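Notes follow once the structure below has been shown.
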Amino acid sequence: MITVLFSLISGIVFAIGLVISGMVNPQKVIGFLDITGAWDYSLAFVMLGAIGVNFFLFKYLTKRNPVCGTQHYLPTKTEIDSKLLLGSALFGIGWGLLGICPGPGIVNLITFDMTAFLFVGSMIVGMLVYKFVVKE
Amino acid sequence: METIIYPLIGGILIGLSSSTMLGGIGRITGISGILGSSLAKISRENLWRYTFLIGLLLGGLLMKIFAPQFFDYTLEASSPVVIIAGVLVGFGTRLGSGCTSGHGVCGMARMAKRSFLATITFILFGMITVFFKGVLS
(Lines give C-alpha, C1' and ligand atoms only; values in the text may rest on other atoms or scores of the structure.)
Protein backbone atom coordinates (compact mmCIF):
# COMPACT_ATOMS: atom_id res chain seq x y z
CA MET A 1 0.00 0.00 0.00
CA ILE A 2 2.75 2.39 0.94
CA THR A 3 4.38 1.60 -2.44
CA VAL A 4 1.58 3.22 -4.36
CA LEU A 5 1.59 6.17 -1.96
CA PHE A 6 5.22 6.87 -2.83
CA SER A 7 4.55 6.78 -6.58
CA LEU A 8 1.37 8.84 -6.22
CA ILE A 9 3.21 11.57 -4.31
CA SER A 10 6.08 11.37 -6.77
CA GLY A 11 3.61 11.88 -9.64
CA ILE A 12 1.93 14.85 -7.98
CA VAL A 13 5.22 16.60 -7.20
CA PHE A 14 6.58 15.82 -10.67
CA ALA A 15 3.54 17.43 -12.31
CA ILE A 16 3.76 20.51 -10.07
CA GLY A 17 7.43 20.79 -11.04
CA LEU A 18 6.62 20.49 -14.74
CA VAL A 19 3.97 23.22 -14.49
CA ILE A 20 6.05 25.68 -12.42
CA SER A 21 9.15 25.15 -14.57
CA GLY A 22 7.33 25.98 -17.81
CA MET A 23 7.98 22.56 -19.38
CA VAL A 24 4.24 22.15 -20.00
CA ASN A 25 4.21 25.33 -22.09
CA PRO A 26 5.03 24.44 -25.72
CA GLN A 27 5.89 28.04 -26.61
CA LYS A 28 8.51 28.03 -23.86
CA VAL A 29 9.94 24.70 -25.04
CA ILE A 30 10.09 25.83 -28.68
CA GLY A 31 11.88 28.98 -27.45
CA PHE A 32 14.45 26.77 -25.73
CA LEU A 33 14.97 24.71 -28.88
CA ASP A 34 15.10 27.80 -31.14
CA ILE A 35 18.84 28.22 -30.79
CA THR A 36 19.29 30.15 -34.04
CA GLY A 37 16.37 32.48 -33.26
CA ALA A 38 15.37 34.26 -30.07
CA TRP A 39 16.89 31.57 -27.87
CA ASP A 40 15.26 31.28 -24.44
CA TYR A 41 17.83 29.39 -22.41
CA SER A 42 15.80 29.49 -19.17
CA LEU A 43 14.55 25.88 -19.44
CA ALA A 44 18.14 24.67 -19.17
CA PHE A 45 17.74 25.47 -15.48
CA VAL A 46 15.01 22.85 -15.16
CA MET A 47 17.49 20.14 -16.00
CA LEU A 48 20.16 21.82 -13.92
CA GLY A 49 17.88 21.95 -10.86
CA ALA A 50 16.62 18.40 -11.27
CA ILE A 51 20.03 16.85 -11.98
CA GLY A 52 21.60 18.92 -9.21
CA VAL A 53 19.20 17.42 -6.67
CA ASN A 54 19.31 13.89 -8.07
CA PHE A 55 23.07 13.75 -8.48
CA PHE A 56 23.54 13.86 -4.72
CA LEU A 57 20.33 12.18 -3.56
CA PHE A 58 20.61 9.24 -6.01
CA LYS A 59 24.16 8.56 -4.75
CA TYR A 60 22.92 8.51 -1.18
CA LEU A 61 19.74 6.55 -1.91
CA THR A 62 21.30 3.77 -4.00
CA LYS A 63 23.69 2.96 -1.14
CA ARG A 64 20.80 1.72 1.00
CA ASN A 65 17.58 -0.18 0.43
CA PRO A 66 14.49 1.73 -0.63
CA VAL A 67 11.81 2.19 2.02
CA CYS A 68 9.70 -0.45 0.23
CA GLY A 69 11.54 -3.52 -1.01
CA THR A 70 15.15 -4.57 -1.05
CA GLN A 71 16.36 -3.57 -4.50
CA HIS A 72 16.70 -0.73 -6.96
CA TYR A 73 15.49 -1.28 -10.51
CA LEU A 74 18.21 0.57 -12.38
CA PRO A 75 18.92 0.28 -16.11
CA THR A 76 21.88 -2.03 -16.64
CA LYS A 77 22.51 -1.50 -20.35
CA THR A 78 25.67 0.45 -21.11
CA GLU A 79 26.29 -0.11 -24.82
CA ILE A 80 25.52 2.62 -27.29
CA ASP A 81 23.42 1.15 -30.07
CA SER A 82 21.58 2.45 -33.10
CA LYS A 83 18.20 1.96 -31.36
CA LEU A 84 19.17 4.45 -28.67
CA LEU A 85 20.31 7.06 -31.17
CA LEU A 86 17.57 6.55 -33.77
CA GLY A 87 14.85 6.51 -31.10
CA SER A 88 16.17 9.66 -29.47
CA ALA A 89 16.42 11.40 -32.84
CA LEU A 90 12.80 10.53 -33.71
CA PHE A 91 11.69 11.67 -30.26
CA GLY A 92 13.60 14.95 -30.75
CA ILE A 93 11.84 15.61 -34.06
CA GLY A 94 8.43 14.99 -32.47
CA TRP A 95 9.36 17.18 -29.50
CA GLY A 96 10.47 20.00 -31.81
CA LEU A 97 7.28 19.79 -33.88
CA LEU A 98 4.88 20.52 -31.01
CA GLY A 99 7.08 21.37 -28.02
CA ILE A 100 5.59 18.67 -25.82
CA CYS A 101 7.35 15.62 -24.38
CA PRO A 102 5.59 12.70 -22.61
CA GLY A 103 5.24 14.10 -19.06
CA PRO A 104 3.93 17.53 -20.10
CA GLY A 105 1.65 15.79 -22.61
CA ILE A 106 -0.05 13.87 -19.82
CA VAL A 107 -0.21 16.91 -17.51
CA ASN A 108 -1.73 19.01 -20.31
CA LEU A 109 -4.70 16.62 -20.43
CA ILE A 110 -6.11 18.45 -17.41
CA THR A 111 -6.54 21.61 -19.51
CA PHE A 112 -9.13 19.63 -21.53
CA ASP A 113 -7.56 21.02 -24.67
CA MET A 114 -8.41 18.74 -27.61
CA THR A 115 -4.87 19.11 -28.95
CA ALA A 116 -3.52 17.55 -25.74
CA PHE A 117 -5.84 14.57 -26.13
CA LEU A 118 -4.89 14.15 -29.78
CA PHE A 119 -1.21 14.32 -28.87
CA VAL A 120 -1.39 11.80 -26.01
CA GLY A 121 -3.59 9.48 -28.09
CA SER A 122 -1.07 9.58 -30.95
CA MET A 123 1.79 9.07 -28.49
CA ILE A 124 0.10 5.94 -27.16
CA VAL A 125 -0.39 4.70 -30.74
CA GLY A 126 3.35 5.27 -31.35
CA MET A 127 4.18 3.26 -28.22
CA LEU A 128 1.86 0.42 -29.23
CA VAL A 129 3.32 0.38 -32.75
CA TYR A 130 6.74 -0.09 -31.17
CA LYS A 131 5.47 -2.82 -28.88
CA PHE A 132 3.69 -4.86 -31.53
CA VAL A 133 5.73 -4.15 -34.65
CA VAL A 134 9.30 -3.78 -33.45
CA LYS A 135 9.54 -5.62 -30.17
CA GLU A 136 7.50 -8.71 -30.99
CA MET B 1 16.74 36.34 -12.82
CA GLU B 2 12.98 36.09 -12.73
CA THR B 3 13.00 34.02 -15.89
CA ILE B 4 15.26 31.34 -14.44
CA ILE B 5 13.80 31.17 -10.94
CA TYR B 6 10.66 29.25 -11.95
CA PRO B 7 12.52 26.76 -14.13
CA LEU B 8 14.97 26.24 -11.28
CA ILE B 9 12.26 25.71 -8.64
CA GLY B 10 10.35 23.41 -11.01
CA GLY B 11 13.53 21.47 -11.74
CA ILE B 12 14.28 21.04 -8.04
CA LEU B 13 10.75 19.71 -7.49
CA ILE B 14 11.22 17.26 -10.39
CA GLY B 15 14.47 16.13 -8.76
CA LEU B 16 12.78 15.68 -5.38
CA SER B 17 9.99 13.73 -7.07
CA SER B 18 12.35 11.29 -8.79
CA SER B 19 14.40 10.91 -5.61
CA THR B 20 11.21 10.14 -3.69
CA MET B 21 10.49 7.40 -6.20
CA LEU B 22 14.00 5.93 -6.03
CA GLY B 23 14.25 6.16 -2.25
CA GLY B 24 10.69 4.98 -1.73
CA ILE B 25 10.33 2.05 -4.09
CA GLY B 26 13.66 1.84 -5.93
CA ARG B 27 12.26 2.87 -9.30
CA ILE B 28 13.45 5.31 -11.96
CA THR B 29 10.98 8.07 -12.85
CA GLY B 30 10.98 7.64 -16.61
CA ILE B 31 7.60 8.78 -17.83
CA SER B 32 7.66 7.24 -21.32
CA GLY B 33 8.73 3.92 -19.79
CA ILE B 34 6.06 4.10 -17.09
CA LEU B 35 3.32 4.88 -19.63
CA GLY B 36 4.59 2.34 -22.17
CA SER B 37 4.85 -0.48 -19.62
CA SER B 38 1.47 0.25 -18.10
CA LEU B 39 -0.08 -0.08 -21.57
CA ALA B 40 1.54 -3.48 -22.04
CA LYS B 41 -0.73 -5.37 -19.69
CA ILE B 42 -3.03 -4.73 -16.78
CA SER B 43 -1.47 -6.27 -13.72
CA ARG B 44 -0.80 -5.74 -10.04
CA GLU B 45 2.85 -5.30 -10.85
CA ASN B 46 1.94 -2.13 -12.71
CA LEU B 47 0.04 -0.62 -9.79
CA TRP B 48 2.81 1.84 -8.91
CA ARG B 49 2.85 2.96 -12.55
CA TYR B 50 -0.88 3.67 -12.56
CA THR B 51 -0.71 5.65 -9.33
CA PHE B 52 2.22 7.66 -10.66
CA LEU B 53 0.24 8.57 -13.79
CA ILE B 54 -2.79 9.45 -11.66
CA GLY B 55 -0.45 11.58 -9.54
CA LEU B 56 0.68 13.45 -12.65
CA LEU B 57 -2.93 14.30 -13.47
CA LEU B 58 -3.71 15.23 -9.86
CA GLY B 59 -0.67 17.48 -9.61
CA GLY B 60 -1.63 19.19 -12.86
CA LEU B 61 -5.19 19.62 -11.64
CA LEU B 62 -4.04 21.14 -8.33
CA MET B 63 -1.94 23.67 -10.22
CA LYS B 64 -4.77 24.43 -12.63
CA ILE B 65 -7.05 25.18 -9.66
CA PHE B 66 -4.65 27.05 -7.38
CA ALA B 67 -2.20 28.60 -9.86
CA PRO B 68 -4.00 28.96 -13.20
CA GLN B 69 -1.59 31.70 -14.29
CA PHE B 70 0.90 28.95 -15.21
CA PHE B 71 -1.46 27.76 -17.94
CA ASP B 72 -1.40 31.02 -19.85
CA TYR B 73 -0.52 29.41 -23.18
CA THR B 74 -2.11 27.52 -26.05
CA LEU B 75 -1.27 24.31 -27.85
CA GLU B 76 -1.17 25.40 -31.45
CA ALA B 77 -0.65 23.11 -34.40
CA SER B 78 -2.70 21.56 -37.17
CA SER B 79 -4.08 18.10 -36.40
CA PRO B 80 -1.74 16.24 -38.80
CA VAL B 81 1.28 17.87 -37.15
CA VAL B 82 -0.02 16.97 -33.67
CA ILE B 83 -0.55 13.35 -34.74
CA ILE B 84 2.89 13.05 -36.35
CA ALA B 85 4.49 14.68 -33.29
CA GLY B 86 2.65 12.31 -30.94
CA VAL B 87 3.50 9.16 -32.88
CA LEU B 88 7.18 10.17 -33.19
CA VAL B 89 7.39 10.96 -29.46
CA GLY B 90 5.69 7.69 -28.49
CA PHE B 91 7.62 5.47 -30.88
CA GLY B 92 10.94 7.29 -30.46
CA THR B 93 10.96 7.24 -26.66
CA ARG B 94 10.26 3.50 -26.60
CA LEU B 95 12.90 2.72 -29.23
CA GLY B 96 15.39 4.98 -27.46
CA SER B 97 14.45 3.63 -23.99
CA GLY B 98 13.55 6.99 -22.49
CA CYS B 99 12.57 10.61 -22.72
CA THR B 100 13.36 13.89 -21.00
CA SER B 101 12.60 12.44 -17.56
CA GLY B 102 14.23 9.00 -17.77
CA HIS B 103 17.34 9.97 -19.74
CA GLY B 104 17.49 13.71 -19.09
CA VAL B 105 16.68 13.92 -15.40
CA CYS B 106 17.44 10.47 -13.96
CA GLY B 107 20.01 8.95 -16.32
CA MET B 108 22.26 11.99 -16.50
CA ALA B 109 22.17 12.32 -12.70
CA ARG B 110 23.42 8.71 -12.58
CA MET B 111 26.17 9.69 -15.05
CA ALA B 112 24.91 7.08 -17.52
CA LYS B 113 26.72 7.40 -20.85
CA ARG B 114 23.64 6.19 -22.77
CA SER B 115 21.51 8.91 -21.21
CA PHE B 116 24.00 11.67 -22.02
CA LEU B 117 24.05 10.58 -25.66
CA ALA B 118 20.27 10.21 -25.81
CA THR B 119 19.69 13.65 -24.26
CA ILE B 120 22.19 15.36 -26.56
CA THR B 121 20.56 13.59 -29.53
CA PHE B 122 16.95 14.53 -28.77
CA ILE B 123 17.80 18.14 -27.89
CA LEU B 124 19.87 18.44 -31.07
CA PHE B 125 17.13 16.97 -33.27
CA GLY B 126 14.57 19.14 -31.49
CA MET B 127 16.66 22.19 -32.34
CA ILE B 128 17.09 21.11 -35.97
CA THR B 129 13.32 20.57 -36.26
CA VAL B 130 12.52 24.01 -34.82
CA PHE B 131 15.09 25.53 -37.19
CA PHE B 132 13.51 23.93 -40.26
CA LYS B 133 10.03 24.83 -39.07
CA GLY B 134 11.20 28.45 -38.99
CA VAL B 135 12.73 28.23 -42.47
CA LEU B 136 9.66 26.61 -43.99
CA SER B 137 7.03 28.85 -42.42
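Fair warning: this is a prediction, and the values are worked out from it, not measured in the lab. Hydrogens, waters and symmetry mates play no part in the numbers below; they use all other heavy atoms, side chains included. So you know, we letter chains A, B, ... as the sequences are listed, proteins then strands, and number each from 1.
- Contact of Leu22(B) with chain A is made through backbone and side chain together, with heavy-atom distances under 4.5 Å.
- Interface residue Leu61(A): only side-chain heavy atoms are found under 4.5 Å from chain B.
- Residue Ile100(A) touches chain B through both its backbone and its side chain, counting heavy-atom pairs closer than 4.5 Å.
- At least one side-chain heavy atom of Lys133(B) sits under 4.5 Å from a side-chain heavy atom of Ile30(A).
- There is no contact between Lys59(A) and chain B, counting heavy-atom distances below 4.5 Å.
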**Request:** With side chain to side chain contact (heavy atoms under 4.5 Å, CB included) as the test, would you mind laying out the steps for Ile20(A) and Met63(B) before giving the verdict?
**Result:** CA-CA 9 Å; Ile20(A) 291 179; Met63(B) 289 303 284; 3.5 Å; yes

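- When Gly55(B), Gly107(B), Ser97(B) are compared by the number of non-hydrogen pairs under 4.5 Å with chain A, Gly55(B) comes out ahead.
- With values rounded to the nearest 0.5 angstrom, Leu88(B) atom CG is found 6.5 Å from Leu97(A) atom CG.
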**Check against side chain to side chain contact (heavy atoms under 4.5 Å, CB included), Phe91(A) and Thr121(B)** = CA-CA 9 Å; Phe91(A) 163 43; Thr121(B) 305; over 6 Å; no

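- Closest heavy-atom contact between Pro102(A) and Thr93(B): CG-CG2, 4.1 Å.
- Separation of atoms CD (Glu79(A)) and CZ (Arg114(B)) is listed at 7.0 Å; rounding is to 0.5 Å.
- Taking both residues in full, the closest heavy atoms of Leu39(B) and Ile124(A) are given as CD1-CG2, 3.8 Å, listed atom of the first, atom of the second, then distance.
- Remark: the Tyr73(B) side chain and the Asp113(A) side chain contain no N/O donor-acceptor pair separated by less than 3.5 Å.
- Side-chain contact between Leu90(A) and Arg94(B) is absent, with no heavy atoms from C-beta onward closer than 4.5 Å.
- When each of Leu61(B), Ile34(B), Leu58(B) is scored by its heavy-atom pairs under 4.5 Å with chain A, the top score falls to Leu61(B).
- Neither the backbone nor the side chain of Met114(A) comes within contact range of chain B; no heavy atom of the residue lies under 4.5 Å from a heavy atom of that chain.
- The contact between Thr36(A) and chain B is made entirely by side chain atoms (from C-beta outward), counting heavy-atom distances below 4.5 Å.
- Of the listed residues Tyr41(A), Phe32(A), Phe119(A), Phe14(A), the one with more heavy-atom pairs under 4.5 angstrom with chain B than any other is Phe14(A).
- The line from CD1 of Ile16(A) to CZ of Phe70(B) is 10.5 Å long, rounded to the nearest 0.5 Å.
- Chain A forms more heavy-atom pairs under 4.5 Å with one residue of Leu56(B), Leu13(B), Leu35(B) than with any other, namely Leu56(B).
- Between Thr129(B) and Trp95(A), every side-chain heavy-atom pair lies at or beyond the 4.5 Å cut-off.
- The closest side-chain heavy-atom distance from Cys106(B) to Phe58(A) is below 4.5 Å.
- Side-chain atoms of Ser10(A) and Ser17(B) form a donor-acceptor pair, as typed in the model, at a separation below 3.5 Å.
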**Request:** Apply the test side chain to side chain contact (heavy atoms under 4.5 Å, CB included) to residues Leu33(A) and Phe125(B): give CA-CA distance (whole Å), side-chain angles for both, the deciding distance (0.1 Å), then the verdict.
**Result:** CA-CA 9 Å; Leu33(A) 294 175; Phe125(B) 274 82; over 6 Å; no

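- For Leu109(A), the part sitting under 4.5 Å from any heavy atom of chain B is the side chain, from C-beta outward, and nothing else.
- Heavy atoms closer than 4.5 Å to chain A are found in both the backbone and the side chain of Ala118(B).
- When the side chains of ILVMFWY residues are joined at heavy-atom separations under 4.5 Å, either directly or via intervening members, Ile110(A) and Leu118(A) end up in a single hydrophobic cluster.
- Counting heavy atoms from C-beta on, the side chains of Pro7(B) and Met23(A) never come closer than 4.5 Å.
- At least one side-chain heavy atom of Leu74(A) sits under 4.5 Å from a side-chain heavy atom of Arg110(B).
- Of the listed residues (Val13(A), Leu57(A), Val19(A), Val107(A)), the one with the most heavy-atom contacts under 4.5 Å to chain B is Val19(A).
- When side chains are defined from C-beta on, Glu76(B) does not count as touching Pro26(A), because their heavy atoms never get closer than 4.5 Å.
- Residue Asp34(A) holds its CG atom at 9.5 Å from CZ of Phe131(B), rounded to the nearest 0.5 Å.
- Phe132(B) is connected to Leu124(B) through a chain of hydrophobic side-chain contacts under 4.5 Å among Ile, Leu, Val, Met, Phe, Trp and Tyr, so both are in one cluster.
- Heavy-atom minimum distance, Leu98(A) versus Ala85(B): CB-CB, 3.9 Å.
- Of the listed residues Phe52(B), Tyr50(B), Trp48(B), the one with more heavy-atom pairs under 4.5 angstrom with chain A than any other is Phe52(B).
- For Ala67(B), no part sits under 4.5 Å from any heavy atom of chain A, backbone or side chain.
- For chain B, the option among Ala50(A), Ala15(A), Gly37(A) with the highest count of heavy-atom pairs below 4.5 Å is Ala50(A).
- For the atom pair CZ of Arg49(B) and OG of Ser7(A), the computed distance is 10.0 Å after rounding to the nearest 0.5 Å.
- In this structure, chain A has heavy atoms under 4.5 Å from both the backbone and the side chain of Thr74(B).
- Heavy-atom distances place no part of Ala44(A) under 4.5 Å from chain B, backbone and side chain included.
- Note: Leu117(B) leads Thr119(B), Asp72(B), Ile9(B), Leu117(B) in heavy-atom pairs under 4.5 Å with chain A.
- Looking at Gln71(A), only its backbone comes within 4.5 Å of chain B, counting heavy atoms on both sides.
- The greatest number of non-hydrogen atom pairs below 4.5 Å with chain B, out of Gly87(A), Pro104(A), Cys101(A), Ser82(A), is found for Gly87(A).
- Residue with the most contacts toward chain B among Thr3(A), Val125(A), Ile2(A), Ile9(A): Thr3(A) (heavy-atom pairs, distance under 4.5 Å).
- What you find for Pro66(A) and Gly24(B) is that their closest heavy atoms are CB-O, 3.7 Å.
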**Asked** Between Val87(B) and Val129(A), does a side chain to side chain contact (heavy atoms under 4.5 Å, CB included) hold up when you go through it step by step?
**Response** CA-CA 9 Å; Val87(B) 170; Val129(A) 167; 5.8 Å; no

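- A cation-pi arrangement is present between Arg27(B) and Tyr73(A), with the terminal nitrogen or guanidinium carbon under 6.0 Å from the aromatic centre and inside a 45° cone about the axis.
- Ranked by heavy-atom pairs under 4.5 Å with chain B, the first of Leu85(A), Val24(A), Leu128(A), Asn65(A) is Val24(A).
- In this structure, the portions of Thr20(B) lying under 4.5 Å from any heavy atom of chain A include both its backbone and its side chain.
- Here CG of Leu43(A) is found 10.0 Å from OG1 of Thr3(B). Values are rounded to the nearest 0.5 Å.
- Most heavy-atom pairs under 4.5 Å with chain A: of the set Gly104(B), Gly102(B), Gly134(B), Gly98(B), this distinction falls to Gly104(B).
- Neither the backbone nor the side chain of Asp40(A) comes within contact range of chain B; no heavy atoms are under 4.5 Å apart.
- Scanning all heavy atoms of the two residues, the minimum distance from Asn54(A) to Ser18(B) falls at ND2-OG, 2.9 Å.
- Taking every heavy atom of both residues into account, Leu8(B) and Phe45(A) meet most closely at CD1-O, 3.6 Å.
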